[in-house]
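Since the structure comes first, as structure tokens, the remarks are kept for the end.
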Amino acid sequence: MMESGVPVCHTCGEHVGLNVNGEPFVACHECNFPICKSCFEYDLKEGRKACLRCGSPYDENLLDDVEKATGDQSTMAAHLSKSQDVGIHARHISSVSTLDSEMTEDNGNPIWKNRVESWKEKKNKKKKPATTKVEREAEIPPEQQMEDKPAPDASQPLSTIIPIPKSRLAPYRSVIIMRLIILGLFFHYRVTNPVDSAFGLWLTSVICEIWFAFSWVLDQFPKWYPVNRETYIDRLSARYEREGEPNELAAVDFFVSTVDPLKEPPLITANTVLSILALDYPVDKVSCYISDDGAAMLTFESLVETADFARKWVPFCKKFSIEPRAPEFYFSQKIDYLKDKVQPSFVKERRAMKRDYEEYKIRINALVAKAQKTPEEGWTMQDGTPWPGNNPRDHPGMIQVFLGYSGAPDIEGNELPRLVYVSREKRPGYQHHKKAGAENALVRVSAVLTNAPFILNLDCDHYVNNSKAVREAMCFLMDPQVGRDVCYVQFPQRFDGIDRSDRYANRNTVFFDVNMKGLDGIQGPVYVGTGCVFNRQALYGYGPPSMPSFPKSSSSSCSCCCPGKKEPKDPSELYRDAKREELDAAIFNLREIDNYDEYERSMLISQTSFEKTFGLSSVFIESTLMENGGVAESANPSTLIKEAIHVISCGYEEKTAWGKEIGWIYGSVTEDILTGFKMHCRGWRSIYCMPLRPAFKGSAPINLSDRLHQVLRWALGSVEIFLSRHCPLWYGFGGGRLKWLQRLAYINTIVYPFTSLPLIAYCSLPAICLLTGKFIIPTLSNLASVLFLGLFLSIIVTAVLELRWSGVSIEDLWRNEQFWVIGGVSAHLFAVFQGFLKMLAGIDTNFTVTAKAADDADFGELYIVKWTTLLIPPTTLLIVNMVGVVAGFSDALNKGYEAWGPLFGKVFFSFWVILHLYPFLKGLMGRQNRTPTIVVLWSVLLASVFSLVWVRINPFVSTADSTTVSQSCISIDC
């Protein structure tokens, strides 16, 4: 309290003031939180109508009085002149009050306010740093902004949403509703008409069908609002690349991760790096960080060669505007490379560049050949010192800057983007968290060295196919109207080297061209692990600027049911929100303060306890306070590398929020789904960008075994998330920021592996019916026949209308359907059991793959057959169903004409299974019709045992018939 007895505002240090009755102003009557009227009015203006200390809603009468007073004063010039000072009262007041006890002395003498005022005085005396285009536009009156625009395009939006025409979407939605109604009638019929003679089979089929309907709902309704988007790169240039002014495009840090260069060829990684360095983007805005998590000298030496070749390759790409800018894929194109080229020197320079690239490939191949056998004493560098990463599990952190501001220029004397090699420290006894841990190490290193506001991560085998891809993303992220609440821009994955028929649905066309468009109309696409441009602030665990610091009272309840009912918030979630608000408040209060000295900075960091969240690095913590990126002017370049080495030490993340609330989230092998889910729960939205020319292209495993192991890994990650605290079924309800259709989509991503259990049972039913002579459906009446026909027609019409608005081909849809069954009865089944063993019993099961050689040159890998246990369940299902078809026809021939009618229903059911597994059968046989002997033996054994058991339990001939036959045989006089 001050001497006057009037409380002091916990935000600005001023008196809270008096109300109309002459008493101290009180905003919250529950906890009497001291806040002045100015701060309270600003709080209401930002949309927060609940106390940030206790969460109780403000009194409605008080809100009405303040709104009236604010409306009366809205035209005063004095109010406008002080609008910038109100910024100190900005968002997240509760967290500032949390720090008040540490930052005040002598019962209310606010040190925080004094420090803010002193730093602002310093700032006014010194030269004001360059502000971004968006900030300048916010300071200039709208009339003057329009006068200063060089072209009309600069004032227009950088992107637009192109909704799906109603003529295509309305019938689609209508059929979905009709299909729901038909499903309800269908299940009413199925449940009320049991098959007494095969009750077990009937019950199993009904349970499976109910689960399939549930899975369809989870998959279908997130596609309710599909949208397309269009970007305007020319407007982006008109706004941020004005002639005669500094380029104001935002900087981007690229992350490329690799582990084992013998499994991930260095030449592929090098092509990815070269395509990044040759981007159509300002060179001083691009930095490429390579994470070598295997600490391989081969990766390091290949980057040395790549940096040298980039000095020739980058100017060639920019001079002739070639696409793609990965040399391996550019020179292998089977197109007319002279199209649209007008420079006479192009042919000569292209020929010379191709020769240089082939020489570069030979040098890389020589390094790979040399690395095949590791010397007993380990690798040695050129200066004779041992390579620090000789033990990949026990080595110090390593950083090497190859190109950049002080590095070698290209052959034309121009600056090149920065290229940085990073290998984080690894020691026994520390948990390193695989790819997610490597990405988090890159986040910290890049924040210390370059601190670009945006991050683009790529797998080592995904090269930049469209040199303007970053500009496409910036049309969303740098748009003042759109970009504020965008946590990331996701590009679709496209692949090279896939066979024309896409036998195993490697392209995932239905997911990328249908599901992701649907999610883009809700809260945004899920993060798929590569080809994604992040807002760095979103990775730091902050919420979007437009979201209130605490949800309203109604938000504490489930966002999809009972929205008006107030429920207590989970204490752990309240604590996490409070810590996040603490960080947000400190960022806001320092947003306009620059050039404070080391002592003041260290005091600030210690007072706000940022170390508990971000770790013990004042340089890194300072970088997190710079929302627009950039390295602080006070930073000493000579110490930055030393600080970068410090932030990648193996113990840096101990007792911090890394992997829990910030960065890539730990706890699943599919860290991508988990990371995007956490961001959406905080209220961020994401955007799906599909340029006409694919932004990135990668390679996919095209043979059957590798494809199944890839699907196994994805499904295992989903099971791990299902069994963790981050399960979408119960996580993130407290804030009410995750839209319910978005939650349905995330639930679908974590429950789909469990469909394998009813799917494998359902695929076994046709064979069981054929072997036992029973069926899961009773004799159909006319009404039941109409119902079944309506269900089949609704399924077909839904698919046709979906193809119509999405542009996906029917072949892609059928391939996706086939591999859904193949993956469901193999990889997904193993993932469920492996996930439960890993999460509940701590047993980590690995499925190894051993390859056989392929003789074919064209798509030779497609025909490689590799032994893996994943092949056994689908092979068994194929054999059992084939045996069942043969047994069914044999039984019908023995029984006569009346048995053929029921047979066709059973055979149709069995052929449905065989058709879905047909690509698996082709992959199993290979081009030379060779199959691993062990697969055949196991499958035949299981099929035989299964068939004999059913024949023993339920023979074709009933007990009465067999007794009659035996008696007639006895009466015969032989």
Side-chain angles (χ1 to χ4, degrees), residues 208-209 211-212 215-216 219-220 493 495 498-515 700-712 714-715 748 752-767 792 795-796 798-800 802-803 806 808-831 859 861-866 868 870-882 884-885 907-927 931 935 939:
C208 293
E209 288 161 2
W211 179 266
F212 295 151
S215 299
W216 172 76
D219 181 68
Q220 187 66 63
Q493 290 186 21
F495 300 98
I498 297 177
D499 59 300
R500 185 175 300 176
S501 63
D502 191 15
R503 181 186 293 177
Y504 308 124
N506 278 285
R507 292 191 179 95
N508 281 329
T509 307
V510 173
F511 174 75
F512 285 113
D513 290 9
V514 180
N515 295 63
I702 64 171
N703 78 73
L704 178 61
S705 303
D706 289 347
R707 174 70 167 133
L708 289 177
H709 275 268
Q710 182 189 54
V711 174
L712 170 65
W714 294 342
N748 188 40
Y752 78 88
F754 297 96
T755 304
S756 60
L757 299 174
L759 184 61
I760 201 166
Y762 209 69
C763 289
S764 303
L765 288 177
F792 281 114
I795 293 173
I796 295 171
T798 304
V800 170
E802 192 167 272
L803 297 179
S806 66
V808 174
S809 69
I810 190 169
E811 184 181 9
D812 288 327
L813 184 68
W814 174 236
R815 285 283 181 257
N816 181 78
E817 185 76 14
Q818 285 180 311
F819 200 79
W820 174 75
V821 175
I822 295 170
V825 299
S826 57
H828 297 173
L829 180 68
F830 278 81
F859 299 112
E861 190 183 355
L862 179 66
Y863 305 102
I864 297 176
V865 181
K866 303 178 182 180
T868 169
L870 298 179
L871 300 177
I872 294 177
T875 306
T876 303
L877 282 175
L878 274 170
I879 294 176
V880 166
N881 275 278
M882 290 178 180
V885 170
V907 170
F908 172 80
F909 197 9
S910 192
F911 271 117
W912 177 88
V913 176
I914 295 172
L915 279 176
H916 278 78
L917 293 176
Y918 180 69
F920 173 84
L921 181 62
K922 286 184 68 176
L924 193 66
M925 302 308 294
R927 177 171 288 183
T931 303
V935 173
S939 302

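Side chains are part of it too, since the values below use all heavy atoms of this structure and drop only hydrogens, waters and symmetry mates. Keep in mind the model is a prediction, meaning the values are calculated, not measured.
For the atom pair L878 CG and L921 CG, the distance stands at 5.5 Å (nearest 0.5 Å). Going from atom CD1 of I872 over to atom OG of S826 covers 11.5 Å, rounded to the nearest 0.5 Å. Here the CD-CH2 distance, from E209 to W216, works out to 15.0 Å after rounding to the nearest 0.5 Å. From E811, atom CD reaches atom CG of N816 across 12.5 Å, with rounding to the nearest 0.5 Å. Note that OG of S215 and CZ of F754 are 11.5 Å apart. Values are rounded to the nearest 0.5 Å. One distance of note links OH of Y918 with CD of Q818; it measures 9.5 Å at 0.5 Å rounding.
Of all heavy-atom pairs between L759 and G824, the closest is CD2-CA, 3.9 Å. Closest non-hydrogen pair, A700 versus N506, comes out as CB-OD1, 3.8 Å. The two residues P753 and A715 come nearest to each other via the heavy atoms CG-O, 3.6 Å.
For the residue pair N881 / S910, a side-chain donor-acceptor distance below 3.5 Å is found, with atom types taken as modelled.
Counting only heavy atoms from C-beta outward, the side chains of C763 and W912 approach each other to under 4.5 Å. Residues F819 and L708 form a side-chain contact, since some pair of their non-hydrogen atoms from C-beta on lies under 4.5 Å apart. Between L871 and F920 the shortest side-chain heavy-atom distance falls below 4.5 Å. Taking the side chain as every heavy atom from C-beta outward, L813 and E817 never approach each other to under 4.5 Å. T755 has its side chain out of reach of H828: every pair of non-hydrogen atoms, C-beta onward, lies at least 4.5 Å apart. Inter-residue side-chain proximity for L803 and D812 is flagged as unmet; no heavy-atom pair is nearer than 4.5 Å. Looking at heavy atoms from C-beta onward, R507 lies in side-chain contact with I498 at the 4.5 angstrom threshold. At a threshold of 4.5 Å between non-hydrogen side-chain atoms, the residues V913 and V821 do not count as touching.
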Kindly indicate, with the supporting measurements, whether the criterion side-chain contact (heavy atoms from CB on, under 4.5 Å) is fulfilled by L917 and V825. CA-CA 10 Å; L917 293 176; V825 299; 4.2 Å; yes
The test is side-chain contact (heavy atoms from CB on, under 4.5 Å); show your working for V514 and E802 and say whether it passes. CA-CA 8 Å; V514 180; E802 192 167 272; 3.8 Å; yes
Please report the C-alpha distance between V711 and R707 in whole Å, then the side-chain angles of each, then the deciding distance to 0.1 Å, and finally whether the side-chain contact (heavy atoms from CB on, under 4.5 Å) criterion is met. CA-CA 6 Å; V711 174; R707 174 70 167 133; 3.7 Å; yes
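None of W814, Y762, W820 except one satisfies the ring pair (Phe, Tyr, Trp, His ring centres under 6.0 Å) rule with H916; the exception is W814.
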